Asks: 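Next up is a structure, given as structure tokens.
Just so you know, these numbers come straight off a predicted model, no measurement behind them.
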Amino acid sequence: MSVADAFLRGAAMTVETTLARTLSEHQALFKQLVDSSPDAIMRHDATLRCIYANATLVFVSGQPMDTIVGALPQELPFVFDAKAYAERLHNVLRLGTASGFEMEWGLPDGTVRWCQVRLVPERDAVGRVVGVMSVCHDITAHKELQAKLEKAEGLAKIGFWELDLASNKARMSDHACRLMGRLPGWSPTTEELLAIHSEEEGKRIRHLYETAIQRRDSTVQYDYTVVVDGEVRHLHLDAEIAYTVKGKPKTFFAVSQDFTERALADERLRAREQEYRVLVENTPDNIARYDRDCRRVYVNEALVKWLGQPREALIGVRPGDHIDAPQAREYERTLALALSTGELQEFTYRLKDKDRRDRTVHLRIVPERDKSGEVISVLSIGRDISALEATERRLEDAQRIARICHWEWDYVTRRSSISRVGLDVLGLSSNGDLTMEDFQAIMLPDERASTFLLYQDAFAKRQSELSYEHSLILPDGSQRETHSWVRLEYGQDGRAVRALGVTQDVTDLKALQRQTHQLEFYDPLTSLPNRALLHDRLKLAMADANRQGGSVGVVLLDIDHFQKINDSLGTGAGDVLLKSVASRLSQALREYDTVARLGGDEFAIIVPQIRQPSDLDVVASRIKHVFEASVALNDTEIFVTASAGIAMFPADGTEVNELMAHADAAMYHAKNCGRDNFQFYARELTATALERLKIEGDLRKAIERNELELFYQPKVELSSGRVVGAEALMRWRHPERGLVPPDRFIGIAEDTGLIIDMGEWALRTACTVARQWHDQHGKPLKIAVNLSPRQFYSGDLVATVSRALEDTGCLAEWIELEITESLLLNDRVDIRSMLEALHGMGFTIAIDDFGTGYSALSYLTRFPVDTLKIDRSFIRELTTDRDSAVLAKAIVTLARSLRMEVVAEGVETALQRDHLGAWGCHLAQGFHYSKPVPLADFVALLAQWTHNGSGG
């Protein structure tokens, strides 16, 4: 062997020695790391025998190493389900992929532990799977916490879920699934969550979420109902919305709580309050009388209507004679109990009414006695308690949203535990264990004794559940209202050993209930009584007047031209005006008069204790005086007037609705008499009001019945005599009334809002005609369409116009949009942006009837106006009145200076036409050329016009 060979051989041996030492060190380090791992680790070879176990596994299992190493799965004493474990090992060997699952272990001391197991395939140098590494992580504490959470959820009737918008899947707690009538494990999509609601409720909830996301709200809450096993559950939901950094919604985390029982209790309380109300109003409940044999001997009319059966079919029978059901028999037993004991009984009856709707009736069964005191019959008084309200909260993260906490008290060790949020809810200190004295210290002194007695009574009766409300004093001195649900557990000796409770802060809920009661009967803007309370007080006043032989006056009052104030100064100014009028009316009238706001700008006044109609003159004088002073709106002093109608009980009506309708008719008569006056009811006014209602009702059907029609009036270019466009004017061809004049229905359409749909129809129709004209003649004919201010204030006008163009294929350049001056006067940003958007699309904007409104010429430079239309009132006297001529010429000059087009309306003579042409007016329309005519006549007119060469 050469020296070089010897050197190389020695070097190789040195490398091998170094590698062997390094490998040994790495193996030792690996073993140290594995043995130090908090997880239990073992390795299985291809036969599934354990070939290695770390120190943690030996310690946790309590088994010696030689018992574990070399054992098959079924020989491992701590593995409960060895067969399933062996199958999972085999699958990893066969498939070569990792696997994860949960498994129970049994320890030597008899306890059971839960482990999260991860099986990983081990491969040799060529990649073949030769074994499996098993890593077991102890999750027993997590399982116990999960079990407590589920127990607390069930006790509090709460459930939570989280919706991931990226995957469109929700993770539901088991109790949340049960609350919604689904099996645990339900993982719905967004649409499946909405599908548990009725169609109407689903739309409402979707709108709530869309609105919240649009406003970037972080929370949403609402009430909803679900039907489970045929029963309606009332739930309340609190949700948090998480957003991405770009502001997109990412997840919804929600908590639902079922408190149907409490809602039922609240409804019973309202029912008892309703008893007094019904008594005052002489309105009977559903009442039936039963004799000693539990047979009906009397039913009132309300019960006859409720059940939808003839009275004779209900008399002489028992409740169970026609209904063979456990509930009917139980009701009979309750009747018999009241008859035998002479004590008042209560019963809840669930049934379907005559319309087959589910109803729940709460019955009070009152014994009736004869002179000797013997019970001879019972009176059953029933009230509908079907409408229930609900609200709900949950635990941990949900506690933070719902202000709910859970707590435990051990009566044996005298130790307690409470959730973190509970410390905040109950205002307790987090230092050390809490004692009973700590709990008592935060309670109101007046409630401590009653709460102690409540628990003592529950212990004596071995009650398993307890529910009560109580108030707390927090360290900052504030008072909170809470509701607690408690589950009591007892030992074998019958003594209480543990209390598991859930307490919810319901302060805001109680305040909301009180606020809801306030809003139910009062107008939120003016704080005056609303329509509902007005009707109640009017009923009482009429009943009182009927007993004493007196009269009651009803005044319906409407502010004149209120809509113009809103249009010109904005709705904010309108609200200020309404509050000012409400305050002045309240101060001007007597204490026992009632001033109410019915909605919009309409007020009503009840004047009781009237001896003669002339007494109302004093009230009318006071109301008149209210409107004599000015009102400051947007730094502007304005004067307003009002029109009022007066009706008297009993002369003008004996029912509330009748009296109100007659006062309303009188008010409209006051408007027709020039406004700013009072009118008493006259019977011919009712016929006028009915005629208006008939027109309104027919008008609502006019679009779907294709009764509306557009007439077209030509617009003529004065310099050439050519027809260059037309104004589209709406007409109504009624099947019975014939062609209804615009002044008979346009005002009603504006008042009722029907003008929005009618205006959209007119725009689409005009666009269709413009497109057809272009296709047939190869040149455009610009058609002017009138837009109502209501179309700007309601809905998305720009989107509506865009759809009309897209659907008809019309170009914006073929249409001119006519608006009124009043729309521009208050310089609203949203109106300006809509007009700029329409102008940017290619429409020309025209101001109709220019010069007749509250003109502020500066708006002509701020808004995208292309055309001014001179009102016909100036044209009518153009050649006979110098002032009219000067004004008309000034408008033409102004428009031309601003590079606007001028259109003269109402041109009736050649002399008027010539004057306008000489001043430089661009276009004219009027009877001199043609009145508005149907489309077919307009087409024929244009053909004749073209043939003759002009229309002059």
Asks: Identify, with sequence neighbours excluded, every residue that meets side-chain contact (heavy atoms from CB on, under 4.5 Å) alongside Ser583.
Replies: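 By the side-chain contact (heavy atoms from CB on, under 4.5 Å) rule, Ser583 matches Gln587.
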Asks: Is the shortest heavy-atom distance from the side chain of Val785 to the side chain of Glu818 under 4.5 Å?
Replies: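 Val785 vs Glu818: side chains apart.
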Asks: What's the separation between atom OH in Tyr793 and atom CE in Met834, rounded to the nearest 0.5 Å?
Replies: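 Result: 8.5 Å between the selected atoms.
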Asks: Classify the side-chain pair Ser643/Asp560 by whether it contains a donor and acceptor separated by less than 3.5 Å.
Replies: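 A pair is found: one side chain offers a donor N or O, the other an acceptor, under 3.5 Å apart.
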Asks: Should Phe711 and Leu739 be marked as a side-chain contact (heavy atoms from CB on, under 4.5 Å) after you check the CA-CA gap, both sets of side-chain angles, and the distance that decides it?
Replies: CA-CA 12 Å; Phe711 277 32; Leu739 198 61; 4.1 Å; yes
Asks: If I compare all heavy atoms of Arg584 with all of Ala629, which pair ends up nearest, and what's the gap?
Replies: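 Answer, listing the atom of Arg584 first, then Ala629: NH1-O, 3.2 Å.
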Asks: Looking only at the side chains, is there a donor atom on one of His734 and Glu707 sitting less than 3.5 Å from an acceptor on the other?
Replies: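 There is no such pair (donor and acceptor under 3.5 Å, judged by atom type) between the side chains of His734 and Glu707.
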Asks: Measuring from His362:NE2 to Tyr349:OH, what's the distance to the nearest 0.5 Å?
Replies: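 Spacing of NE2 (His362) from OH (Tyr349) equals 15.0 Å.
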Asks: Taking atom CD of Glu469 as the centre, report whether more than 12 heavy atoms of other residues, nucleotides or ligands fall under 6.0 Å from it.
Replies: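 Above 12, so yes.
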Asks: Specify the closest pair of heavy atoms between Ala762 and Leu710, including all atoms of both residues, with the distance to one decimal.
Replies: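 In this case the closest contact between Ala762 and Leu710 is O-CD1, 3.5 Å.
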Asks: Would you check if Leu659 and Asp652 make a side-chain contact, meaning some heavy-atom pair closer than 4.5 Å?
Replies: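 With C-beta onward as the side chain, the pair touches.
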Asks: Please identify each residue that fulfils ring-ring contact (aromatic ring centres under 6.0 Å, His included) with Phe603, with sequence neighbours left out.
Replies: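 Counting only residues at least two positions away or on another chain, Phe603 forms no ring-ring contact (aromatic ring centres under 6.0 Å, His included).
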Asks: How far does CZ of Arg296 sit from CG of Leu314, to the nearest 0.5 angstrom?
Replies: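 Taking CZ in Arg296 and CG in Leu314, the distance rounds to 5.5 Å.
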Asks: Looking at residues at least two apart in the chain, or sitting in another chain, which of them share a ring-ring contact (aromatic ring centres under 6.0 Å, His included) with His561?
Replies: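 Here no residue qualifies.
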Asks: Is there a side-chain contact between Ile748 and Leu754 (heavy atoms, below 4.5 Å)?
Replies: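 Not touching, per the 4.5 Å side-chain cut-off.
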Asks: To the nearest 0.5 angstrom, please state how far the CG atom of Leu598 sits from the CG atom of Asp523.
Replies: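 Nearest 0.5 Å value for the CG-CG distance: 9.5 Å.
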Asks: For the pair Arg700 and Glu696, find out whether any cationic side-chain nitrogen is under 4.0 Å from an anionic carboxylate oxygen.
Replies: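 Result for this pair is yes, salt bridge flagged.
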Asks: Keeping the roles fixed (side chain from Arg744, backbone from Gly747), state whether a donor-acceptor pair exists under 3.5 Å.
Replies: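 Flag not set: sc Arg744 to bb Gly747 has no pair under 3.5 Å.
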Asks: If every non-hydrogen atom of Lys671 is compared with every non-hydrogen atom of Ile559, which pair is closest and at what distance?
Replies: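 So the minimum-distance heavy-atom pair works out to NZ-O, 4.5 Å.
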Asks: Is it true that atom CD of Glu199 has more than 12 heavy atoms of other residues, nucleotides or ligands lying nearer than 6.0 Å?
Replies: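 Not more than 12 within 6.0 Å, no.
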Asks: Go through the steps for Thr348 and Val361 under the test side-chain contact (heavy atoms from CB on, under 4.5 Å), then give the verdict.
Replies: CA-CA 6 Å; Thr348 299; Val361 179; over 6 Å; no
Asks: So which heavy atom on Gly550 is nearest to which on Pro650, and how close?
Replies: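 Smallest interatomic distance, heavy atoms only, reads O-CD, 4.1 Å.
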Asks: Less than 4.5 Å apart, any side-chain heavy atom of Val554 and any of Ile605?
Replies: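 No; the side chains remain at least 4.5 Å from each other.
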Asks: Is Arg731 paired with Glu709 through a side-chain N to carboxylate O contact shorter than 4.0 Å?
Replies: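 No, this pair does not count.
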Asks: Over all heavy atoms of both residues, which pair between Glu821 and Asp849 is shortest? Give the atoms and the distance, please.
Replies: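 Reported closest heavy-atom pair: OE1-O, 3.8 Å.
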Asks: Is there side-chain contact between Tyr668 and Asp664, with at least one heavy-atom pair below 4.5 Å?
Replies: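 Tyr668 reaches Asp664 side chain to side chain.
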Asks: With the side chain counted from C-beta on, respond yes when Ile381 and Leu363 share a heavy-atom pair under 4.5 Å apart, and no when they do not.
Replies: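 No, every pair of side-chain atoms sits at 4.5 Å or beyond.
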Asks: Return the orientation label for the Tyr681 and His662 ring planes: parallel under 30°, perpendicular over 60°, tilted otherwise.
Replies: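 Tyr681 vs His662 ring planes: parallel.
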Asks: Answer yes or no: is there an ion pair linking Arg622 with Asp593, defined by an N-O contact shorter than 4.0 Å?
Replies: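 Looking at Asp593 together with Arg622, the answer is no, because their closest N to O distance does not fall below 4.0 Å.
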Asks: Would you say the side-chain atoms of Thr820 and Asp848 include a donor-acceptor pair closer than 3.5 Å?
Replies: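 There is no such pair between these side chains.
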Asks: Under 3.5 Å, is there a donor-acceptor pair between the side chain of Ser586 and the main chain of Ala582?
Replies: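 Yes; judged by distance alone, with no hydrogens or angles, the pair exists.
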Asks: Can you tell if the side chain of Thr641 reaches within under 4.5 Å of the side chain of Phe627, non-hydrogen atoms only?
Replies: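 No, side chains not in contact.
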Asks: Salt bridge or not between Glu200 and Arg204? Use side-chain N to carboxylate O under 4.0 Å.
Replies: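 Answer for the salt bridge query: no.
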Asks: Which is it for Ile695 and Trp732 under the side-chain contact (heavy atoms from CB on, under 4.5 Å) test, yes or no, and what are the steps along the way?
Replies: CA-CA 11 Å; Ile695 292 176; Trp732 179 16; 3.9 Å; yes
Asks: Are side-chain N/O atoms of Thr800 and Glu760 paired as donor and acceptor at under 3.5 Å?
Replies: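 Note: Thr800 and Glu760 side chains miss the donor-acceptor criterion.
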Asks: Strictly below 4.0 Å, N to O, side chains only: are Asp698 and Lys694 in salt-bridge contact?
Replies: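 Between Lys694 and Asp698 there is a salt bridge, with a charged N closer than 4.0 Å to a carboxylate O.
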Asks: Let me see the working for Val552 and Ile610 under side-chain contact (heavy atoms from CB on, under 4.5 Å), right down to the final yes or no.
Replies: CA-CA 6 Å; Val552 178; Ile610 294 177; 5.8 Å; no
Asks: What's the separation between atom CD in Gln791 and atom CG in Leu797, rounded to the nearest 0.5 Å?
Replies: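 With rounding to 0.5 Å, CD (Gln791) is 6.0 Å from CG (Leu797).
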Asks: Taking atom CG of Asp544 and atom NZ of Lys539, what is their separation to the nearest 0.5 Å?
Replies: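 Between atom CG of Asp544 and atom NZ of Lys539 there are 16.0 Å.
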Asks: Checking the side chain of Arg311 only, and the main-chain atoms of Val299 only, is there a donor and an acceptor separated by less than 3.5 Å?
Replies: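 Answer holds: yes.
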Asks: Closest approach of Tyr224 and His236, non-hydrogen atoms and distance?
Replies: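 Scanning both residues, the minimum pair turns out to be CE2-C, 4.5 Å.
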Asks: Is any side-chain heavy atom of Ile365 less than 4.5 Å from a side-chain heavy atom of Leu344?
Replies: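 They are not in contact (no side-chain heavy atoms under 4.5 Å apart), so the answer is no.
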Asks: Between the side chains of His625 and Glu628, does any donor sit under 3.5 Å from an acceptor?
Replies: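 Yes, Glu628 and His625 have a side-chain donor paired with an acceptor closer than 3.5 Å.
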